[in-house]
Amino acid sequence: MDTRRDIKIATTTLKNGGLVAFPTETVYGLGGDARNADAVKKIFRVKGRPVDHPLIVHIAHRRMLDQWAEDISDLAWQLAERFWPGPLTLILRKKADVIDEVTGGADTVGLRVPRQSVALELLESFGDGVAAPSANRFGGVSPTCADDVRRDLGNQVDFVLDGGPCSIGIESTIVDVSDEHPAILRPGGITREQLEAFTGRDFPTRIGGRVKSPGQMPSHYAPQAYVDVVAADEVILRATKMLAAGLRVGLIAPRDIASLDAAVRRLLISENTDTMAHDLYAALRTADAAGLDVCLVVLPEERGIGAAVADRLRRAAGPRHKMPVVDGLPGHGT
Ligand code: TXA
Ligand code: MG
């Protein structure tokens, strides 16, 4: 792989209005020129995403913040200074010339400087903002390596910039600092504890704001397998009944369950929440590749990045499919 050559190709592709999948420390993004309405429309088409669901604009340096946002508070500048480059997206009031295609018509815009050398080289070389959602189909599992992108979006992307696996593995934290009530819209790579310790103020989680954000989605980050969130002491009973009904079952949990049937595929077992975040989407993809019917999930403790892992797993368990019918198990799903 010739990174310098690839960045050149990626830059030209973006300048010509094409789409480039690129690595970040969180997940791979599906990028297009954030000033080009046709390129941005193409992102929505390829992703299959509703147009009122806005995109994050990725920039090379926090100096560029005021090219995209206005009324930037001291708090917002402090967060940018402390956490950029990094897995933090700031929602700010947009400048008048930011196109509606990016913001879904909202008066705010999401901005982020990623902490990944290939991404930063691309953004520097391109010289302006790159609009990018995660490079997966809408509602599905986010890609954490270039092969995930190729499998999901294949030839619908003009160029896949391969920067190896993502170091964090779960999306950025989205913080709304567009007014005087800062709030977390999506937990992620920068934890609430970090935000609160640094600023000395509260960062409540706000779901269901004016703009469509992941918190409003009934189901997101979901594999084909039915995701069933259960308490650790329910796993054996549920797994036994599911196996008896002929279902293929997997497990994601902080700890293995003593004397659980060996037929249950251990997809991801780790007490370390960083490891859980890092390996979560690969585990959900493995569930599908292995043709599992159900993925039993025991949530991690919701501290630090564990809050983001639990958030994604709850959304993966959102009402999308019906729970396979198993005698003797309480009805699940709608
Ligand atoms: O880590 C990440 O954030 C990755 C990488 C590629 O940077 N990107 C990502 O993008 O996860 P996406 O589009 O899959 O999720 C971004 C979320 C969307 O749910 C969107 O609704 C929300 O950010 N968002 C974007 N702009 C917003 C705004 N102005 N107000 C509220 N939410 C916004
Ligand atoms: Mg996404």
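What's counted below: heavy atoms across the whole structure, side chains too, no hydrogens, waters or symmetry copies. This one's a predicted model, so the numbers in the text were calculated from it and none came from an experiment. Order of appearance sets the numbers: ligands from 1, and atoms from 1 within every ligand.
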- prompt: Would Glu302 and Arg314 pass as an ion pair if we require N to O under 4.0 Å?
  reply: yes
- request: Using modelled atom types only, decide if a donor and an acceptor are shared between the side chain of Asn16 and the backbone of Gly18 within a distance under 3.5 Å.
  value: no
- prompt: Is there a donor-acceptor pair under 3.5 Å between the side chain of Asp176 and the backbone N or O of Ile184?
  reply: no
- request: Mind checking whether Pro54 contacts ligand 1 via backbone (N, CA, C, O), side chain (CB onward), both or neither, at a 4.0 Å heavy-atom cut-off?
  value: both
- prompt: Does His58 have a non-hydrogen atom less than 4.0 Å from ligand 1?
  reply: yes
message: Please compare Arg93, His53, Lys47, Arg49 and report which has the shortest non-hydrogen distance to atom 13 (O) of ligand 1.
response: Arg49
- prompt: Is Thr103 touching ligand 1 with its side chain, its backbone, both, or neither, if touching means heavy atoms under 4.0 Å apart?
  reply: neither
message: Assess whether a salt bridge exists between Asp152 and Arg285, defined as any Lys/Arg side-chain N lying under 4.0 Å from an Asp/Glu carboxylate O.
response: yes
Per-atom contacts of ligand 1 with Leu185, taking only distances under 4.0 Å to non-hydrogen atoms: 31 (C)
query: Purely on distance, is any nitrogen or oxygen of Thr24 under 3.5 Å from one on ligand 1?
result: no
message: Need the ligand 1 atom indices (1-based, order shown) with element for anything under 4.0 Å from a heavy-atom of Ile174.
response: 17 (C), 22 (C), 23 (O)
message: Would you say that Trp68 contacts Lys95 through its side chain, given a criterion of any heavy-atom pair below 4.5 Å between the two side chains?
response: no
- request: Select one of side chain, backbone, both or neither to describe which atoms of Glu25 lie under 4.0 Å from any atom of ligand 1, heavy atoms only.
  value: neither
query: Taking 2.8 Å as the cut-off, does an N/O/S atom of Asn136 lie below it from the Mg ion (ligand 2)?
result: no
- prompt: Under 3.5 Å, is there a donor-acceptor pair between the side chain of Thr191 and the main chain of Gly304?
  reply: no
Ligand 1 versus Asp176: contacting region, heavy-atom distance under 4.0 Å: neither
- request: Please work out whether any backbone atom (N, CA, C, O) or any side-chain heavy atom from C-beta onward of Thr108 is under 4.0 Å from ligand 1, and answer side chain, backbone, both or neither.
  value: both
task: Could you tell me whether His53 and Phe138 have their ring centroids closer than 6.0 angstrom?
output: yes
